[in-house]
Amino acid sequence: MKNSTVIYPGSFDPITYGHLDIIKRAAAMFDKLIVVVMTNSKKSCSFTPEERREMILKSVKDLPNVEVDFYDGLLAEYAKIKNASAIIKGLRAMSDFEYEFQMALTNKKLNPEVETLFLTTSTQYMYLSSSMVKQIVSMNGDISDFVPKEIHEDIVERLGGQG
Ligand code: ADP
């Protein structure tokens, strides 16, 4: 896509190497990628939207065409505001599919100008989720293979040994 801005939404509670892999691959394909922390989720989060944004910023500091933002409204609206041509989603397993398919069709209905594009997870991250990271760290497990080193301490300080 030429002159393209795309958005990558999620809760990123916290960002993992699985997310970062999707970010790097999408940033290589499009002119600008906006990672957007969605704060309207029903999920109860461990980190505030500002903390999640800060952790993403630290993790993407070497990627010049990546911006980080948060939004508490509808994703389809956000895409309009930013004039985004696509929403990027990562797909880990069949279990992600049904929900993501429903979301993609809903967003298309709300904003017909925006496409949803799915990137397949890299195999080494297919089991990786934010909730898995939180579970491991709460039991004092080693998360260094799962989250960017720039945010490792932030997560251990906040959640370490709470299991
Ligand atoms: P989680 O399900 O881990 O709480 P988010 O809501 O933050 O994740 O997810 C944001 C996006 O990143 C979604 O499209 C999700 O499918 C994708 N994603 C999350 N973890 C991975 C991974 N390990 N590999 C590929 N995509 C992922």
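For clarity, every value in this text was computed on a predicted model and none was experimentally measured. Numbering starts at 1 and runs along the sequence shown. In listed order, ligands and their atoms are each counted from 1. Just so it is clear, the values below take in all heavy atoms, side chains as well, and ignore hydrogens, waters and symmetry mates.
Distance from atom 8 (O) of ligand 1 to its nearest protein heavy atom, with residue and atom name: H19 NE2, 3.5 Å. What sits closest to atom 4 (O) of ligand 1 on the protein, heavy atoms only, is K43 NZ, 3.0 Å. Atom 12 (O) of ligand 1 has its closest protein heavy atom at Y8 OH, 2.6 Å. Protein heavy atom closest to atom 24 (N) of ligand 1, with residue, atom name and distance, is T121 OG1, 2.9 Å. At the top of the distance list for atom 13 (C) of ligand 1, counting protein heavy atoms only, stands K89 CE, 3.9 Å. For atom 15 (C) of ligand 1, the closest non-hydrogen atom on the protein side is G90 O, 3.6 Å. Atom 7 (O) of ligand 1 has as its closest protein heavy atom F12 N, 2.9 Å. In terms of protein heavy atoms, atom 20 (N) of ligand 1 is closest to R92 NH1, 3.3 Å.
Between F97 and F118, the ring-plane angle classifies as tilted under the 30° and 60° cut-offs.
Note on D154 versus R158: no salt bridge recorded, every NZ/NE/NH1/NH2 to OD/OE distance being 4.0 Å or above. D96 and K89 are not joined by a salt bridge, as no carboxylate oxygen comes within less than 4.0 angstrom of a charged side-chain nitrogen.
Interface atoms of ligand 1 facing P9, defined by a heavy-atom separation under 4.0 Å, are 10 (C), 11 (C). In summary, the atoms of ligand 1 found under 4.0 Å from a heavy atom of Y125, numbered by their order in the structure, are 22 (C), 23 (N). Which parts of ligand 1 touch I22 is read off a 4.0 Å heavy-atom cut-off, strictly below it: atoms 25 (C), 26 (N). Close contacts between ligand 1 and L128 involve ligand atoms 20 (N), 22 (C), 23 (N) [criterion: under 4.0 Å to a heavy atom]. With ligand atoms numbered from 1 in the order given, ligand 1 contributes 4 (O), 5 (P), 6 (O), 7 (O) to contacts under 4.0 Å with heavy atoms of S11. Listed by number with element, the atoms of ligand 1 under 4.0 angstrom from any heavy atom of S130 are 3 (O).
Criterion: ILVMFWY side-chain heavy atoms under 4.5 Å apart, direct or through other members. Under it, I23 and L117 are part of a common hydrophobic cluster. In this structure, L91 is not a member of the same hydrophobic cluster as M29, with clusters built from ILVMFWY side-chain heavy atoms closer than 4.5 Å. Hydrophobic clustering of Ile, Leu, Val, Met, Phe, Trp and Tyr side chains at less than 4.5 Å, counting indirect connections, unites I87 with I81. Residues I88 and M126 do not share a hydrophobic cluster, defined by chaining ILVMFWY side chains whose heavy atoms lie under 4.5 Å apart. With hydrophobic clusters built from ILVMFWY side chains whose heavy atoms lie under 4.5 angstrom apart, Y8 does not share a cluster with F101.
The shortest separation from a heavy atom of S131 to ligand 1 is not under 4.0 Å, leaving the residue out of contact.
Summarising the geometry of G90 relative to I22, their closest heavy-atom pair is CA-CD1, 3.8 Å, with the distance given to 0.1 Å.
Expressed to the nearest 0.5 Å, how far CZ of R52 lies from CZ of F70 amounts to 9.5 Å.
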